[in-house]
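Beneath this line is the structure, given in structure tokens, with notes to follow.
In the text below, chain A, chain B and the rest are named by the order of the sequence lines, each starting its count at 1. What you see is a predicted model; the values in this text were computed from it and never measured.
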Amino acid sequence: MTLQIYNTLTRQKQPFEPLDPNLVKIYCCGVTVYDLSHLGHARSYISWDMVRRYLLWRGYHVQFVQNFTDIDDKIIRRSQQENVPWDTITEKYIQAYLDDMARLNVLRADAYPRATQVIPQIIEFIQMLIDRGMAYVADGDVYYAVERFPSYGKLSGRQLDQMEAGASGRLDDEAETKKHHPMDFALWKAAKPGEPAWDSPWGKGRPGWHIECSVMVHEALGDSIDIHMGGQDLIFPHHENEIAQSEGALAKPLSKYWMHNGFVNISGEKMSKSLNNFTTIRAFLDRENAPEPMVLRLFVLQAHYRKPIDFSDEAIASAQNGWHTLKEGLLFGHQFGKQLGWTDTDDASFGMPAAMRIDDTSAPVQRFIEAMDDDFNTPAALAVLFELAKDLQKEGNRLTHDGKSLVDPQTLRQQWQTLVVLAHVLGLEATPAVSQESMGISDAEIEALIQQRAVAKQAKNWAESDRIRNHLKEKGIALIDKPGGVTTWIRES
RNA sequence: GGCGGCAUAGCCAAGUGGUAAGGCAGAGGUCUGCAAAACCUCCACUCCCCAGUUCGAAUCUGGGUGCCGCCUCCA
């Protein structure tokens with residue numbers, strides 16, 4: 001069984017066979033940097049990060065390139081509104097994007113090309129399209145002639161004649177009158193006064209939205225790549241136009257597979273800038289009682305990447321509880337390794353997924369692979385993680401409450417490592433609490449309070465007993481009374 | 001109008017011809033002075049509706065209903 005990927009281009013799942021078996025080339029459509037990233041972006045890039053991590057784990061070499069669109073109308077408008085240079089805006093939001101993604105444990109791309117860094121190549125590419133008769137100059141603008149590209153519409157399943165009707169409403173726009181065909185789109189836009197502009201054979205101007213991606217794919221990865229990915233809304237017109245440009249210029253397939261992620265909804269409605277119902281990633285992660293970033297990651301992964309997900313407080317609360325279980329499982333080794341007699345718990349590499357060897361033929365790993373091979377079925381893959389985590393959680397509680405587990409320590413170790421490795425493939429990671437002593441109360445103080453409480457309990461002074469329990473609870477210490485009057489305690493994470 | 005997607009328990013969500021994963025929530029019990037994110041057990045004879053194919057369908061076919069997305073910047 002090989003990995004099957006749903007290809008938007010063919011509208012079906014296909015076996016994944018990279019053009020070069022030794023190197024998978026991926027281009028991921030990035031953000032336009034004029035504002036903070038929102039939860040929709042989080043969903044998208046968490047999904048693609050998961051795809052990348054899985055391919056890496058399966059042994060592929062992956063070259064992952066993601067662009068920043070750093071010149072466009074919205075950036076210019078923002079720069080005028082705030083009265084700062086356009087590249088001040090873009091620098092700010094590029095940094096913000098990278099910071100947000102780091103919090104969500106999204107791996108850095110191998111390269112982050114920007115539109116404005118490839119202007120000469122864009123001009124060259126446009127010239128190539130003009131030379132091949134695929135584009136025409138009109139009054140300082142350059143347009144792509146869609147009628148010259150016979151398979152225009154193949155990605156989105158549209159036909160030119162069917163789209164004309166819908167375009168009639170925009171004919172009053174001044175640019176429309178310059179076009180030979182209503183669906184023609186700008187490759188180069190002549191500069192208006194005061195706008196950032198670059199010199200070109202057609203006069204001062206800037207690139208259109210779609211051309212940058214064609215050029216950056218070409219520059220970074222070559223004529224043809226394996227996977228091109230982005231949000232569902234990019235299928236048309238963005239990706240359709242990229243295909244027209246790249247294939248129109250190079251006469252080679254732009255990408256073998258096209259992957260598109262589903263949207264984030266808010267109460268059943270699409271989250272978008274135009275509807276103004278979006279939440280930024282940092283607003284979400286920095287609000288009061290905000291969940292850990294991993295909760296957002298888990299929430300995203302609990303649905304298949306192509307399906308819409310609905311954002312609600314209830315859904316987040318559910319993910320939060322789920323993450324707690326997973327986290328306990330992930331921290332199992334750190335918490336109980338010593339007690340189980342594992343000898344390497346102080347090693348620097350302890351707990352590092354890269355240093356773990358797990359049994360690939362074990363049932364959980366096989367089930368995980370089977371799920372992920374089926375077009376990255378993360379909900380099914382997560383079921384495996386939950387089962388492992390619940391098992392470990394149970395054994396951990398036995399160790400805490402009874403002081404021993406009936407399961408063989410090495411078996412537990414295998415289970416734990418399997419969980420950690422598989423979770424890592426999904427980008428789910430828990431870090432052990434740093435310093436236990438720094439939490440404001442020492443072990444000795446705790447023991448002393450437990451002694452006081454024991455005295456109170458013997459005197460049936462329940463009020464005092466509960467006061468001590470609650471006091472410690474506030475300090476993050478949970479007391480567990482066991483049969484025989486013995487009380488143990490744990491620091492809650 | 002054109003193209004596409006989805007409908008599975010209170011909620012989220014897998015499964016796509018062989019008799020309903022997983023998560024959240026919930027219920028009962030154990031233990032307990034209390035508490036516990038502890039332990040045990042339970043929780044869809046049923047998969048939007050109707051008709052058909054089949055030994056057998058949530059899964060295939062036809063029809064219907066409902067919801068959503070794209071066709072304009074958008075992950």
N or O in side chain of [X] less than 4.0 angstrom from [N] OP1/OP2:
X        : N     : result
A:Thr325 : B:C24 : yes
A:Lys270 : B:C70 : yes
A:Asn265 : B:C68 : no
A:Lys327 : B:A37 : no

Quick one: label [X] by what it contacts on the DNA or RNA (base, sugar-phosphate, nothing), any heavy atom closer than 4.0 Å.
X        : value
A:Arg43  : nothing
A:Gly230 : sugar-phosphate
A:Val264 : base
A:Glu314 : sugar-phosphate
A:Glu269 : nothing
A:Gly30  : sugar-phosphate
A:Ala380 : base
A:Lys307 : sugar-phosphate
A:Ser156 : sugar-phosphate
A:Asn321 : sugar-phosphate
A:Arg467 : nothing
A:Leu479 : base

Does the side chain of A:Phe332 reach to within under 4.5 Å of the side chain of A:Leu399, using non-hydrogen atoms? yes

Taking side chain as C-beta onward, heavy atoms only, is A:Arg453 less than 4.5 Å from A:Leu479? yes

Is it the case that the side chains of A:His238 and A:Glu242 hold a donor-acceptor pair, with the cut-off being a distance below 3.5 Å and no angle test? yes

Partner nucleotide of [N] by Watson-Crick or wobble geometry (both distances under 3.5 Å):
N     : result
B:A21 : none
B:U16 : none
B:G33 : none
B:G1  : B:C71
B:A58 : none
B:A44 : none
B:A7  : B:U65

Over 60° means perpendicular and under 30° means parallel, so tell me whether A:Phe376 and A:Tyr305 are parallel, tilted or perpendicular. perpendicular

Measure the acute angle between the ring planes of A:Phe278 and A:His38, then classify it against the limits of 30° and 60° as parallel, tilted or perpendicular. tilted

Length of the line joining [X]:[atom1] and [N]:[atom2], which is rounded to integer Å:
X        : N     : atom1 : atom2 : answer
A:Phe263 : B:C6  : CZ    : P     : 16 Å
A:Arg306 : B:A13 : CZ    : C1'   : 15 Å
A:Ile309 : B:A13 : CD1   : C1'   : 12 Å
A:Asp466 : B:A36 : CG    : P     : 11 Å
A:Arg11  : B:G4  : CZ    : P     : 6 Å
A:Leu298 : B:A13 : CG    : C1'   : 12 Å
A:Gln12  : B:G5  : CD    : P     : 12 Å

Most 5' of A:Ile235 and A:Asn377 on RNA chain B, judged by nearest nucleotide: A:Asn377

5′-ward residue of the pair A:Ala319/A:His38 relative to RNA chain B: A:Ala319

Whole-Å [atom1] distance, [N] and [M]:
N     : M     : atom1 : value
B:U16 : B:U59 : C1'   : 4 Å
B:A58 : B:C49 : P     : 11 Å
B:C43 : B:G10 : P     : 15 Å
B:C31 : B:G66 : C1'   : 50 Å

Within 45° cone of A:Tyr34 ring axis and under 6.0 Å: A:Arg77 NZ or CZ: no

Identify the pairs formed between an N or O of the protein and an N or O of nucleotides 39-43 of chain B at a distance under 3.5 Å, and give each distance.
residue : atom : partner  : partner atom : Å
B:C40   : OP1  : A:Lys394 : NZ           : 3.3

When you measure from the side chain of A:Arg398 to the backbone N and O of A:Leu406, does any donor-acceptor pair fall under 3.5 Å? no

Answer yes or no: is there an ion pair linking A:Lys192 with A:Asp73, defined by an N-O contact shorter than 4.0 Å? no

Is any NZ, NE, NH1 or NH2 atom of the basic residue among A:Arg467 and A:Glu464 found under 4.0 Å from an Asp or Glu carboxylate oxygen of the other? yes

State yes or no: are the ring centers of A:His210 and A:His239 separated by less than 6.0 Å? no

Mark this stacking check for A:Phe386 against B:G22 as yes or no, applying ring centres under 5.5 Å and ring planes under 30°. no

With a 3.5 Å cut-off and just heavy-atom distances, do the side chain of A:Arg158 and the base of B:G1 make a donor-acceptor pair? no

Nearest to the A:Arg367 side chain among B:C71, B:A75, B:A21, which nucleotide is it? B:A21

With the side chain defined as heavy atoms from C-beta on, A:Arg469 is closest, among B:C34, B:G22, B:A75, to B:C34

Full working for side chain to side chain donor-acceptor pair (under 3.5 Å) between A:Tyr152 and A:Asn241: CA-CA 8 Å; A:Tyr152 190 78; A:Asn241 291 352; 2.4 Å; yes

